[in-house]
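Data block below; observations after.
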Amino acid sequence: MLQLQYIRDNKEEVIARLSVKNIDAKSSIEKILEIDSDRRKVQNELDTLLNEANILAKQIGELMKAGKKAEAEDMKNRSGALKETAKKLEDTLKGHEDDLQKTLVLLPNIPYKLVPKGKTPEENETVFTHGEIPILPQTAQPHWDLITKYDLIDFELGVKITGAGFPVYKNRGARLQRALINFFLDRATAAGYMEIQPPILVNEASGFGTGQLPDKEGQMYHVGVDNLYLIPTAEVPITNLYRDVILKASQLPVKNCGYTPCFRREAGAWGAHVRGLNRLHQFDKVEIVQLAHPDNSYAILEEMREYVAGILKELELPFRILRLCGGDMSFASAMTYDLEVYSGAQKRWLEVSSVSNFESFQSNRLKLRFKEAEGKPQLAHTLNGSALALPRIVAALLENNQTENGIRIPKALVPYTGFEMIN
RNA sequence: GGAGAGAUGCCUGAGAGGCCGAAAGGAACAGUUUGCUAAACUGUCGUACGAGUCAAAUCGUACCGAGGGUUCGAAUCCCUCUCUCUCCGCCA
């Protein structure tokens, strides 16, 4: 949620920058400012009225003590009248506040100045590439065939016990999952991220805090009886750890990481390009989260991007980094880098990580603030990134590393898998 | 799932219709003292919104789990909800 004060002070700039996300915000912004000015007017009236009532109440108390009952009665009547007017004003104020909130919550975050204008993924900007695109022999197989060949994952069994998009990992496929999770967590903790094991069901307030609710509830699985949501990413529980918290400036940056399964309904997203591990309802991911001082959150974004790139290098996967254009960015993000690995047999780039700076957009909803030694609390910046999402990493590893003798495990991973080849 | 107790500031904890935005202690921060550490002493020590200002100072309003109600006046009385704790049952 954007800060009201910022919109008030920078109306034209906000409209101009939202247009980079292809949003015409002129009318909503004007509506917001109008409601806001009404709201302030009403609050002013109400405060004056309540002030009178408070003074009156004190005087009545004193008159009662002094035994001047008749005078007190007279004042009681006046107080009663004040109260009635106050009640009406309170309702009006509440109405304005609700309207304001409703409109404000629907405005997406303002893109950072480096974000290119654009509507489709084709307009994303490639800022970095690493590694050679592998040229595989004609006989090279896509990962879904390799998975069957080496009996690593059983999709049909998943359908049987749950449904499509819920794979069952087996044998060295299961072991590879565990290896990757441990590898990712070890790297993250070594880089100073404190490991968290959060709940994977969250309440409504948490869903709201990170921006999944009220707008995108369709993407989450909902447990109706207890009104809880299965998390689509560890970002939700981990960032919400700091909801309603005021940190000391000296505690920044806060660095957390966590492994969780992630659940996505992906309603309507099924179709082409989703075979095998490309898109799932349940998958594993290690997430990194940072809470940063606004002065250096973009330096931290770069640091996080470098960190994820480093892991991909260790895994010996060719990858590229995209700076997402306005139209491809998420609702809450101010700037996002996508990291994509090249999957040799599918001959496609697969998104394996998304690293974003949300600036104060989430923290405004979360009331996540920090305080300098002097001065008022201010909103912290939140950032997060996948480091990494497993399924597409597995897909690329299988496809790129296939040989006649089996699939080669990258060196960095061997201590975790305990085997060098899948064969 | 059954029975009972409770929810007050960063923490502990008083407060039981007006003198309470809230005692006291602790923590934290700043200063004094000190060769250093410790101790002692002094001070500061909630948040939001509004008014005000270049910015402050300052002023107003609200907030004692949440939402309603009673009253001229509510942390305090009443109702509803949520959560926590204890005991019993069940259980990885």
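As the structure is a prediction and not an experimental result, all values here were calculated from the model. Just so we're on the same page: letters track the sequence lines, and every chain starts at 1.
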Query raised in the report: Could you run down nucleotides 52-71 of chain B 5' to 3' and tag each one B, S or - for protein heavy-atom contact under 4.0 Å?
Result: --------BSS------S-B
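Comparing B/G50, B/U47, B/A48 by their nearest atom to the side chain of A/R40 picks out B/G50. Candidate nucleotides B/A48, B/G50, B/C72 were compared by shortest atom distance to the side chain of A/S79, and B/C72 ranks first. With B/A28, B/C72, B/G46 as the candidates, the nucleotide lying closest to the side chain of A/M64 is B/C72. Out of B/G46, B/C72, B/A28, the shortest distance to the side chain of A/K248 is found at B/A28.
Applying the salt bridge (Lys or Arg N to Asp or Glu O under 4.0 Å) test to pairs two or more places apart or on separate chains, those with a residue in residues 163-175 of chain A are A/D151-A/K170, A/D154-A/K170.
Counting non-hydrogen atoms under 4.0 angstrom, A/R78 reaches nothing in the nucleic acid. Among the heavy atoms of the strands, none lies under 4.0 Å from A/K41.
A donor atom on one side chain and an acceptor atom on the other are not found under 3.5 Å apart for A/Q402 and A/Q141. A/Q362 and A/T239 are not linked by any side-chain donor-acceptor pair at a separation below 3.5 angstrom, with hydrogens and angles left out of the test.
The partner of B/G31 is B/C41, by the rule that a Watson-Crick or G-U pair needs both atom distances under 3.5 Å. Pair assignment for B/A3 gives B/U86, based on Watson-Crick or G-U wobble hydrogen-bonding distances that are each under 3.5 Å. Base pairing of B/A14: no nucleotide in any strand meets the Watson-Crick or G-U wobble criterion (both distances under 3.5 Å). Figure legend. B/A48 is base-paired to B/U61; pairs are counted as Watson-Crick or G-U wobble with both atom distances under 3.5 Å.
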Report task. Please step through side chain to side chain contact (heavy atoms under 4.5 Å, CB included) for the pair A/N256 and A/Y193, ending with a clear verdict. Result -> CA-CA 5 Å; A/N256 288 167; A/Y193 292 90; 5.8 Å; no
Enumerate donor-acceptor pairs with a distance under 3.5 Å from any side-chain N or O in residues 95-113 of chain A to protein atoms, sequence neighbours excluded.
residue: A/T103; atom: OG1; partner: A/D99; partner atom: O; Å: 2.7
residue: A/N109; atom: ND2; partner: A/A332; partner atom: O; Å: 2.9
residue: A/N109; atom: ND2; partner: A/F358; partner atom: O; Å: 3.1

For residues 383-390 of chain A, tabulate all N or O donor-acceptor pairs below 3.5 Å that involve a side-chain atom, not counting sequence neighbours.
residue: A/N384; atom: ND2; partner: A/E235; partner atom: OE1; Å: 3.3
residue: A/N384; atom: ND2; partner: A/E235; partner atom: OE2; Å: 3.4
residue: A/S386; atom: OG; partner: A/S354; partner atom: N; Å: 3.1

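Checked for salt-bridge contact, A/K119 and A/E123 miss the test: no charged N lies under 4.0 Å from a carboxylate O.
In this structure A/A16 satisfies the side-chain contact (heavy atoms from CB on, under 4.5 Å) test with no other residue, sequence neighbours excluded.
When A/V168, A/L280, A/T148 are each tested for a side chain to side chain contact (heavy atoms under 4.5 Å, CB included) with A/F155, only one passes: A/L280.
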Output a table of nitrogen or oxygen pairs between the protein and nucleotides 76-79 of chain B separated by less than 3.5 Å.
none

